[in-house]
Amino acid sequence: GLALSLFDNAHWSALTAQAPLRRWRLIELNKGMGLMQRPLQINERILHYLAGIQQLDSVLQDFVRPVHGHRALVASHRQQALELANTWAKASDRPTLPILQLTGSNPTSQTDIAWHTCQALELNLYRLAGQDVPKTVKELGQFLQIWEREAILNRSALMLDCTETKLIQHEEAIERLLEQIRSPLMINGRDRLHSPARSIVNVDIGKPSHQEQQSQWERHLEPFGPDMGPMIPSLVTQFNLTRPEIDAVCDHVLGQVEL
């Protein structure tokens with residue numbers, strides 16, 4: 001009652017469960033007799049936000065992890081990241097963005113491209129493993145309520161990582177997530193997911209071109225001198241590696257060789 005008395009034209013409906021204050025969990029009602037007499041408490045995450053502190057809600061910390069990019073992309077992957085960012089930018093006036101799905105056998109490159117896509121749009125990226133999607137309707141609803149508030153407060157997108165998910169065991173929960181989520185969502189994995197209720201843009205993430213792989217080998221093997229040059233085309237043809245794989249091989253070799 002005291003809180004409502006501070007505002008002109010205030011109405012008790014502002015404190016109902018579906019009104020924004022409680023639906024987005026901006027405030028919480030403590031125990032008391034009757035709706036109007038119960039003490040109000042600001043949500044801890046909202047208090048931190050108002051104080052200028054960005055801190056992931058404690059409920060979400062059991063489900064999502066921040067994604068940090070640390071690799072520059074090869075030209076072909078950089079182009080794919082820009083095209084994905086442009087897809088979201090062009091759809092920004094829609095109620096919901098299309099889901100961006102990155103498929104293929106190279107999860108590291110998929111994650112790097114997803115991160116660069118979000119960077120182009122000034123979005124933070126968080127990872128949710130497919131096997132960690134809440135399984136019941138109630139649990140998923142509670143998760144999405146808090147996650148979508150976080151997506152607004154911290155300009156964030158969610159990456160559903162199905163790389164190690166046994167889809168047949170989690171299919172129902174994942175389908176509900178795809179249907180109900182309204183904040184920016186990306187998917188990465190080996191197999192395509194489908195949703196009759198949502199638009200999903202699929203992009204297959206392949207390995208770098210032979211020329212791009214050759215450039216990576218040349219950059220790493222430059223300390224060995226020009227004698228290594230003639231061997232590089234054979235390395236590209238024989239192994240056909242991704243950029244992270246080339247980086248790992250060369251770092252291992254260089255760590256064992258005295259230049």
Side-chain angles (χ1 to χ4, degrees), residues 64-94 96-130 133 151 154-165 167 174 177-178 181-195 198-220 232-233 235-237 239-251:
V64 304
R65 296 288 184 273
V67 176
H68 301 293
H70 54 86
R71 293 184 183 87
L73 299 177
V74 297
S76 59
H77 288 173
R78 187 164 59 249
Q79 181 61 32
Q80 287 180 307
L82 291 174
E83 290 173 356
L84 289 168
N86 195 39
T87 297
W88 268 356
K90 287 184 175 180
S92 60
D93 58 343
R94 300 181 190 176
T96 56
L97 296 173
I99 296 171
L100 304 181
Q101 181 166 224
L102 286 64
T103 55
S105 58
N106 183 8
T108 302
S109 292
Q110 292 169 15
T111 299
D112 288 342
I113 291 171
W115 184 83
H116 280 273
T117 297
C118 289
Q119 286 296 292
L121 298 169
E122 298 183 341
L123 292 173
N124 297 297
L125 183 62
Y126 286 83
R127 173 188 177 273
L128 170 66
V133 174
N154 198 26
R155 286 190 54 80
S156 298
L158 187 65
M159 182 181 74
L160 179 63
D161 187 354
C162 296
T163 304
E164 299 179 2
T165 303
L167 294 176
I174 289 174
L177 173 68
L178 300 187
I181 193 169
R182 292 296 176 262
S183 55
L185 176 67
M186 311 180 86
I187 306 170
N188 75 328
R190 293 178 175 83
D191 302 313
R192 294 189 182 189
L193 302 183
H194 303 276
S195 173
R198 294 295 302 275
S199 170
I200 300 180
V201 176
N202 187 80
V203 178
D204 184 60
I205 307 301
K207 294 181 179 180
S209 68
H210 280 198
Q211 181 58 50
E212 290 169 337
Q213 292 182 46
Q214 181 164 326
S215 296
Q216 292 304 307
W217 283 112
E218 289 173 348
R219 180 175 64 85
H220 280 293
I232 293 176
L235 290 173
V236 173
T237 302
F239 294 107
N240 190 28
L241 302 178
T242 65
R243 177 170 185 166
E245 290 169 339
I246 294 173
D247 291 346
V249 169
C250 291
D251 289 344

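Heavy atoms only: backbone and side chains are in, while hydrogens, waters and symmetry mates are out.
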For this session: Please tell me if the side chains of C162 and L167 come closer than 4.5 Å, counting only heavy atoms from C-beta onward.
Result: yes

For this session: Answer whether the closest heavy-atom distance between the side chains of I187 and M159 falls below 4.5 Å.
Result: no

Exercise. Quick one: OG on S76 to NZ on K207, what's the gap to the nearest 0.5 Å?
Worked result: 13.0 Å

Exercise. Counting N and O atoms only, with roles assigned by atom type, does the side chain of Q101 sit under 3.5 Å from a partner on the main chain of L193, one being a donor and the other an acceptor?
Worked result: yes

Exercise. What do you reckon, is CZ of R182 surrounded by more than 12 foreign heavy atoms closer than 6.0 Å?
Worked result: yes

Exercise. Judged by atom type as modelled, is there a donor-acceptor pair below 3.5 Å linking the side chain of R155 to the main-chain atoms of L123?
Worked result: no

Problem set entry | side chain to side chain donor-acceptor pair (under 3.5 Å) between Q79 and E83, intermediate numbers included | CA-CA 6 Å; Q79 181 61 32; E83 290 173 356; 3.2 Å; yes

Problem set entry | E164, CD atom: more than 12 neighbouring heavy atoms under 6.0 Å | no

Problem set entry | Pairs satisfying salt bridge (Lys or Arg N to Asp or Glu O under 4.0 Å), at least one member in residues 102-111, at least two apart | none

Exercise. With no hydrogens and no angle check, is any side-chain donor or acceptor of R65 less than 3.5 Å from a backbone partner on L128?
Worked result: no

Problem set entry | Short side-chain to backbone donor-acceptor contact, Q80 and V203, under 3.5 Å | no

Problem set entry | Side chain Q213, main chain P208, donor-acceptor under 3.5 Å | yes

Exercise. Counting only N and O atoms by type, is there a donor-acceptor contact under 3.5 Å from the side chain of T87 to the main-chain atoms of A85?
Worked result: no

For this session: Using a 4.5 Å cut-off on heavy atoms from C-beta on, say whether the side chain of L160 contacts that of L178.
Result: yes

Exercise. Between W88 and L97, is there a donor-acceptor pair closer than 3.5 Å when you use the side chain of the first and the backbone of the second?
Worked result: no

For this session: For the pair S109 (side chain) and N106 (backbone), establish whether a donor and an acceptor sit closer than 3.5 Å, ignoring hydrogens and angles.
Result: no

Exercise. Rounded to the nearest 0.5 Å, what separation is found between the CG atom of N202 and the CD1 atom of I200?
Worked result: 8.5 Å

For this session: Please round to the nearest 0.5 Å and tell me the distance separating atom CZ of R192 and atom OG1 of T103.
Result: 5.5 Å

Exercise. Distance-only, no hydrogens or angles: does the R190 side chain make a donor-acceptor pair with backbone N or O of P107 under 3.5 Å?
Worked result: no

Exercise. Between Q216 and Q211, is there a donor-acceptor pair closer than 3.5 Å when you use the side chain of the first and the backbone of the second?
Worked result: no

Exercise. In Å and rounded to the nearest 0.5 Å, what is the OG1 to NE2 distance from T242 to H77?
Worked result: 8.5 Å

